[in-house]
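Okay, so here's the structure we're looking at.
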Number of protein chains: 4
Amino acid sequence: MSGTPAFKRLPRAVREQQMLDAAVRVFSRRGFHAASMDEIADDAGISKPMVYAYLGTKEELFIACLHREGARMTAAIAGAAAPDLPADERLWRGLRAFFGFVGGHRDGWAVLYRQARGSQPFATELAAMRNRLVEVVAGMLDHALRARGREVSATDLEVVAYALVGASESLADWLADHPEADPERTAGRMMNIAWLGADRLLHGASWEEGRAPS
Amino acid sequence: MSGTPAFKRLPRAVREQQMLDAAVRVFSRRGFHAASMDEIADDAGISKPMVYAYLGTKEELFIACLHREGARMTAAIAGAAAPDLPADERLWRGLRAFFGFVGGHRDGWAVLYRQARGSQPFATELAAMRNRLVEVVAGMLDHALRARGREVSATDLEVVAYALVGASESLADWLADHPEADPERTAGRMMNIAWLGADRLLHGASWEEGRAPS
Amino acid sequence: MSGTPAFKRLPRAVREQQMLDAAVRVFSRRGFHAASMDEIADDAGISKPMVYAYLGTKEELFIACLHREGARMTAAIAGAAAPDLPADERLWRGLRAFFGFVGGHRDGWAVLYRQARGSQPFATELAAMRNRLVEVVAGMLDHALRARGREVSATDLEVVAYALVGASESLADWLADHPEADPERTAGRMMNIAWLGADRLLHGASWEEGRAPS
Amino acid sequence: MSGTPAFKRLPRAVREQQMLDAAVRVFSRRGFHAASMDEIADDAGISKPMVYAYLGTKEELFIACLHREGARMTAAIAGAAAPDLPADERLWRGLRAFFGFVGGHRDGWAVLYRQARGSQPFATELAAMRNRLVEVVAGMLDHALRARGREVSATDLEVVAYALVGASESLADWLADHPEADPERTAGRMMNIAWLGADRLLHGASWEEGRAPS
DNA sequence: TATGAATGAGGCTTCATTCAT
DNA sequence: AATGAATGAAGCCTCATTCAT
């Protein structure tokens, strides 16, 4: 009655983080649809109307989660792969950071991400994020190609980047499903695959000239 | 009275196919959770209880869709990539069949597949399907490697195959999202990526010996 | 196509018995509401429309079961307790027959009976059956009383008979719930209780004259 | 605005009682299966989700009714039959309280009780309640027997108690079905039956020594 | 700021029952 | 005589969301 507990009447910013933490936990545990606002509020130790007041609708809340976790991941990668490094070094550091992040947030990012694919409401958000990533990768490839005096169409670049990103996501899934696997080692494997393929591409080789279109 | 079959009292086998058709359409249009059994039944031109009688629960229905579409795709690929062909030819034909299938069923397989990832209930089914695919790819790689007198650990093989499959899935997503894109051309791109990378691997190269762990 | 199996096209009477057998089994196994016409038809090895054609509605079917099983029990008791025997001998034989029947049809009569109590639709049927039984018991008591020159109001007789029947039903429940118990022994116990109480009543005794009303 | 409480936003405890009242009414009126949660909610003047929020599933709701009504009845009996009274006085007061309660709640306890028998989900609950009662009665009998220097096997005691309880339940049914009957008088009749039978048993008599197996 | 109370809406599932062959 | 195909109706339950305090 008198001594209000210290964890009440917290400033808005703090509360929002608590809620997002809880939301990420619950969404990961249950999936978007199976997660209930009740459970999220409970898990955050707060009442439901507060969640609505601070973070809006369930969909908005999920998007907020996506945003925060995506930003964290982006930051981790960007911090590791400085733009002034040589291309292969950037790729390697980027991959290591990516798999490290996924491995360290096994029930965070990877799961949210998997939830988001396939549900239209989040398609936009997700596309935006992936596009940022694809652009970065494509930029790296382009940079390296130009350094060697070659040039490729924007679409080709995009597709190759897309494939690399896809392969990485796929290995990230694999990592999330194999708790005993080592993120660093997985990054190494992905690097091998990507770089060997990219390397050949960079040298202008093609699988069978004249056979496959383009 | 005379020519019109009146669409009534059809034999079970026929109705089941109609239902599956409708289910694939609706699941693709709405996503698993947003799809309602009502809409599926409506779309199939039949009453809800029949759907339950023939195909069971909503989950079971979804799995039935997955099975049918998966079997169709598998058949398409298997029919194209005869096992007695050389490895690169098999890969090329398999990829062409895969992307052709996805391109021809843009609202079918690819979408179902995206829905299925991320929801635990279907994880098992999906894992089984993907594993079959991964095994095939891994088999092809292994075959080619041995033909050149090299040998790689099973895990390494699995991971590479996993990455290739992931890249292909990713490009399939891309294809499903770009209605104007050409499946054949996409297959060619994937082939380039895969084969160039694989080729280097086959020759025993590694990104940077001693740098990445393994 | 040619040699129609022997168990098809059976005469109506036989089919009806098969259905009733199945119905009793299923009703006992599941309870009235949880039992489905589908399961009953299946269990009878027959199609649903036949059940409706022969035995009508689900409620009517249940009543038919009640009738048949009730008649069998009544017959068993009546066959054992011949009306020309002395009262105590009749009671003893009747009880022995009753508990023997219940013990021998543990998932038949006892269960149906328990289902029927409590559901209004069958109240009438059940009341009729019980009333027949109560009348018989009351008649036995009355006969014995008059033989000793005493007379009791019809209501009192009914209530006592009702209590005895109730006690027996209760022990029948107990018997149905204790598969290891011996029906004969249970009959003996009930006989003791009934006869000792009745005997005192027959001698005109009352618990505490002037204390309890009547 | 001023005096009318408007029947809204009541505290949980109050609403729960209202719901239980409504549930008892509806279950009694319709039977467990025929009763719909809709009708219960309507009858309670509240929306369905509140019922689920406070009292859970339909089954749980029924059990809650059973509990509350059972507890009330137990309290009524226990309050009347003080343990320091002589056995016959305790029995008489207990019976009077029991029949008084049943008579006063004709659409409550007796009907619920009848519903509960026969449905497996409630068997456990009911068995527990009845067993408590049987134990009390058996205890009374045992106490009286020992006071007279006699001793009976536990099983015999249980069966006799079971029969007495069954007879009482049966008369309670009869009472519920005869709105014009007088509870007190019914209690007197049951007392006569029970006490006279018990009295003989207490004196060591048996229906016919050597005839019935024990 | 914070919350207990409250609900509209909608989804899945099951069944008894009947046609049409 | 017999059945596979078909459905209207209804029930349970859950949830996102909002009042009123």
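Bear in mind that the values here come from a model prediction, so they are computed numbers and not experimental data. First the proteins, then the strands, lettered A, B, ... as listed; each starts at 1.
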### Message
Go nucleotide by nucleotide along DNA chain F from the 5' end; which of B/Met50 and D/Ala34 gets its closest nucleotide reached first?
### Response
B/Met50

### Task
By nearest nucleotide on DNA chain F, pick out whichever of B/Ser47 and C/Ser47 is the more 5' one.
C/Ser47

Taking a pair as Watson-Crick or G-U wobble with both distances under 3.5 Å, which nucleotide is matched to [N]?
N	answer
F/dT7	E/dA16
E/dT21	F/dA2
F/dT14	E/dA9

Would you indicate, yes or no, if [N] has its OP1 or OP2 atom less than 4.0 angstrom from a side-chain nitrogen or oxygen of [X]?
X	N	value
D/Thr57	F/dC13	yes
C/Arg15	F/dA2	yes
A/Tyr54	E/dA2	yes
D/Tyr52	F/dT14	no
D/Ser36	F/dA10	no

Out of [options], whichever nucleotide has its closest atom nearest the side chain of [X]:
X	options	value
C/Pro49	E/dC19, E/dA2, E/dT17	E/dC19
D/Ile46	F/dT3, E/dT3, E/dT7	E/dT7
B/Arg9	F/dA6, F/dT14, F/dA9	F/dA6

Once you round it to whole Å, what is the distance between [atom2] of [N] and [atom1] of [X]?
X	N	atom1	atom2	value
A/Glu16	E/dA2	CD	P	12 Å
D/Glu59	F/dG11	CD	C1'	14 Å
D/Met37	E/dG11	CE	P	21 Å
C/Phe62	E/dC15	CZ	C1'	17 Å
D/His33	F/dA10	NE2	P	17 Å
A/Leu61	F/dC15	CG	C1'	15 Å
C/Leu55	F/dA2	CG	P	13 Å
C/Glu39	E/dA16	CD	P	10 Å

### Message
Are D/Met37 and D/Leu61 packed together at the side-chain level, in the sense that at least one heavy-atom pair is separated by less than 4.5 angstrom?
### Response
yes

### Query
Charged N to carboxylate O below 4.0 Å: is that the case for A/Arg29 and A/Asp43?
yes

### Derivation of the side chain to side chain contact (heavy atoms under 4.5 Å, CB included) call for C/Glu125 and C/His67
CA-CA 8 Å; C/Glu125 288 298 320; C/His67 264 132; 3.2 Å; yes

#### Entry: Pair B/Leu112-B/Phe32, side chain to side chain contact (heavy atoms under 4.5 Å, CB included): steps then yes or no
CA-CA 8 Å; B/Leu112 284 191; B/Phe32 176 75; over 6 Å; no

### Message
What's B/Ala35 touching, base or sugar-phosphate or nothing? Going by heavy atoms closer than 4.0 Å.
### Response
sugar-phosphate

## Note on the structure
The reported gap from NZ in D/Lys58 to CZ in D/Phe62 (rounded to nearest 0.5 angstrom) is 10.0 Å

### Query
What distance do C/Gln115 atom CD and C/Arg30 atom CZ have between them, rounded to the nearest 0.5 Å?
12.0 Å

### Whichever of D/Arg12 and B/Lys48 has its nearest DNA chain E nucleotide further upstream toward 5'
D/Arg12

